[in-house]
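In what follows, a single structure is set out as structure tokens and then discussed.
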Amino acid sequence: MTLVPQTLDEINYWDLDMFEHGDPHEAWRIQREQAPVWWHDRDGGEPFWSVARFDDALAVLSDPLLFSSQRDGIIVRTDAALESGPPGAGLGIQPMIHTDPPRHAPLRSIISHNFRPRSIAQLEDQIRAAAVECLERAADERDVDFVIDIAHQVPAAITFALMGVPEDMWSRLADLQHQTVTATDPEFTHGRSPQEAAAAASLELHTYFAQIIQERMEEPGDDLLSQFLQGRIDGEELSWMQVVAEAGLLLAGGLDTTRAAASAGGILPLIQNPDQLKLLQDDPSLIGGATDEFVRWASPITSEARTATRDCELAGQKISEGDRVVVWSPSSNRDEAHFEDPYRFDVLRNPRHLGFAFGEHYCLGVHLARLTLKVEFEELLSRFSGFELTGEPARVRSNFVNGLKHLPVRLTPK
Ligand code: HEM
């Protein structure tokens with residue numbers, strides 16, 4: 001166990017202690033400096049090319065035919081995950097994030113109009129209402145867990161509403177989502193192994209969504225699941241299993257990412273950098289522009305894995321067909337060659353970052369995430385003048401999701 005690696009030799013990206021309690025940024029810094037595209041072959045999981053620099057990550061994400069999401073999925077696999085089979089094994093069907101061209105674009109285009117800036121702008125009142133509701137509760141409490149009580153609440157309310165999921169299911173589905181996507185964190189799996197917990201949670205999610213989808217087949221609405229059911233690819237309907245898979249993706253995409261940006265990328269660095277907080281307090285019109293710095297800082301999706309579909313070269317390294325290639329967005333987003341003073345949190349930076357990925361799978365929810373963060377922080381800073389940490393932030397134990405699970409904060413109302 002090396003919490004803060006000092007040499008390339010000490011880096012082991014399977015060591016989740018480093019991600020939870022140590023400093024993976026030090027591992028990535030060493031790698032960027034000494035071996036930007038590096039064959040990582042350590043006990044614990046599949047070997048892979050570890051890509052630490054911005055430009056190399058961009059090259060990988062820009063070429064979905066050479067670097068496939070579909071062949072082995074986008075999550076780097078532990079030995080145990082390899083044994084339990086391909087992603088989506090329960091259904092045998094992959095959501096759009098695990099597909100390549102030519103299948104990917106038509107699938108995405110069934111719902112993509114909902115995520116254009118103009119459509120997202122129409123959600124502003126709904127987002128504001130969700131933010132006001134949880135912030136009014138927080139004003140009564142004053143001592144809150146910022147992750148659970150605020151950062152989780154707003155994106156969850158909007159994502160579930162877009163999917164047409166009734167409110168009495170929100171909390172259970174969020175728990176199940178944690179058990180699938182962050183099954184490596186024992187807090188979410190209640191003592192079960194990651195594989196056991198993830199399999200049980202996937203089954204419950206699939207069963208629930210299959211039932212909702214049956215209802216939507218009988219009585220379509222204007223929610224995203226109904227739209228998938230009405231969509232056609234080459235004149236063919238999507239199978240209900242495909243719609244179940246897309247429902248799981250929307251849940252995974254919509255909830256913990258924005259929550260991580262608001263907590264690990266927003267309020268925490270704002271508390272740690274009072275000058276930056278003051279800038280936003282003095283001029284709230286800067287908040288919208290700051291949201292991309294929140295995402296750069298938190299980089300909520302830690303890793304995006306791909307598989308090389310033919311022999312090729314990346315940064316002078318010979319990659320063979322079938323090799324796994326892993327892009328680390330927190331590393332790209334701290335690349336000294338791309339960002340000036342990358343370890344400085346700067347709400348005026350307006351960065352061009354890879355937190356939302358790039359190219360074919362560029363985050364579908366990017367405009368929703370930005371608006372959610374903007375509205376949430378406008379309402380937060382208009383109600384409270386003081387923010388104080390009252391305990392240690394707790395990081396998620398994962399090399400896939402980069403976020404906080406708890407952040408105790410005392411709020412001082414204005
Ligand atoms: C700060 C918040 C967010 C971050 C940092 C983020 C990050 C990402 C990243 C990195 C990817 C690409 C993964 C890859 O290339 O393998 C992605 C894809 C995706 N995201 Fe987001 N996301 C956020 C918010 C959202 C929201 C709010 C939604 C929807 C409600 C969403 C839905 C999706 C979907 C559906 C995809 C798959 C797109 C495709 O395959 O074409 N995301 N996101």
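In this text the structure is predicted, and so the values were computed from the model without any measurement. Just follow the structure's listing: the first ligand is 1, and inside any ligand the first atom is 1.
Annotation: protein N, O or S atoms under 2.8 Å of atom 21 (Fe) of ligand 1 (waters excluded) comprise C363 SG.
When H367, R306, M96 are ranked by how near their heavy atoms come to atom 14 (C) of ligand 1, first place goes to R306.
Side chains of N402 and S299: a donor-acceptor N/O pair is absent below 3.5 angstrom, by distance only. For the residue pair R53 and S332, no side-chain donor N or O sits within less than 3.5 Å of a side-chain acceptor on the partner. Side chains of Q31 and S50: a donor on one and an acceptor on the other come within 3.5 Å.
Remark: distances from the non-hydrogen atoms of R370 to ligand 1 are all 4.0 Å or more.
Of the N or O atoms in T258, none lie within a sub-3.5 Å distance of an N or O in ligand 1.
Residues meeting the ring pair (Phe, Tyr, Trp, His ring centres under 6.0 Å) test with H152, sequence neighbours left out: none.
Taking the six-membered ring for Trp and the full ring otherwise, the centers of W39 and W49 sit less than 6.0 Å from each other.
The contact set between ligand 1 and H104, taken as ligand atoms under 4.0 Å from a residue heavy atom, comprises 39 (C), 40 (O), 41 (O).
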For residues 286-294, which side-chain donor-acceptor pairs fall under 3.5 Å, sequence neighbours excluded?
from	atom 1	to	atom 2	distance (Å)
T291	OG1	G288	O	2.9
D292	OD1	H353	NE2	2.5
D292	OD1	R370	NH2	3.3
D292	OD2	R370	NE	2.7
E293	OE1	R296	NE	2.8
E293	OE1	R349	NE	3.4
E293	OE2	R296	NH2	2.9
E293	OE2	D346	N	2.9
E293	OE2	R349	NE	3.3

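Pairs passing the salt bridge (Lys or Arg N to Asp or Glu O under 4.0 Å) check and including a residue from residues 252-274, sequence neighbours excluded, read D256-R259.
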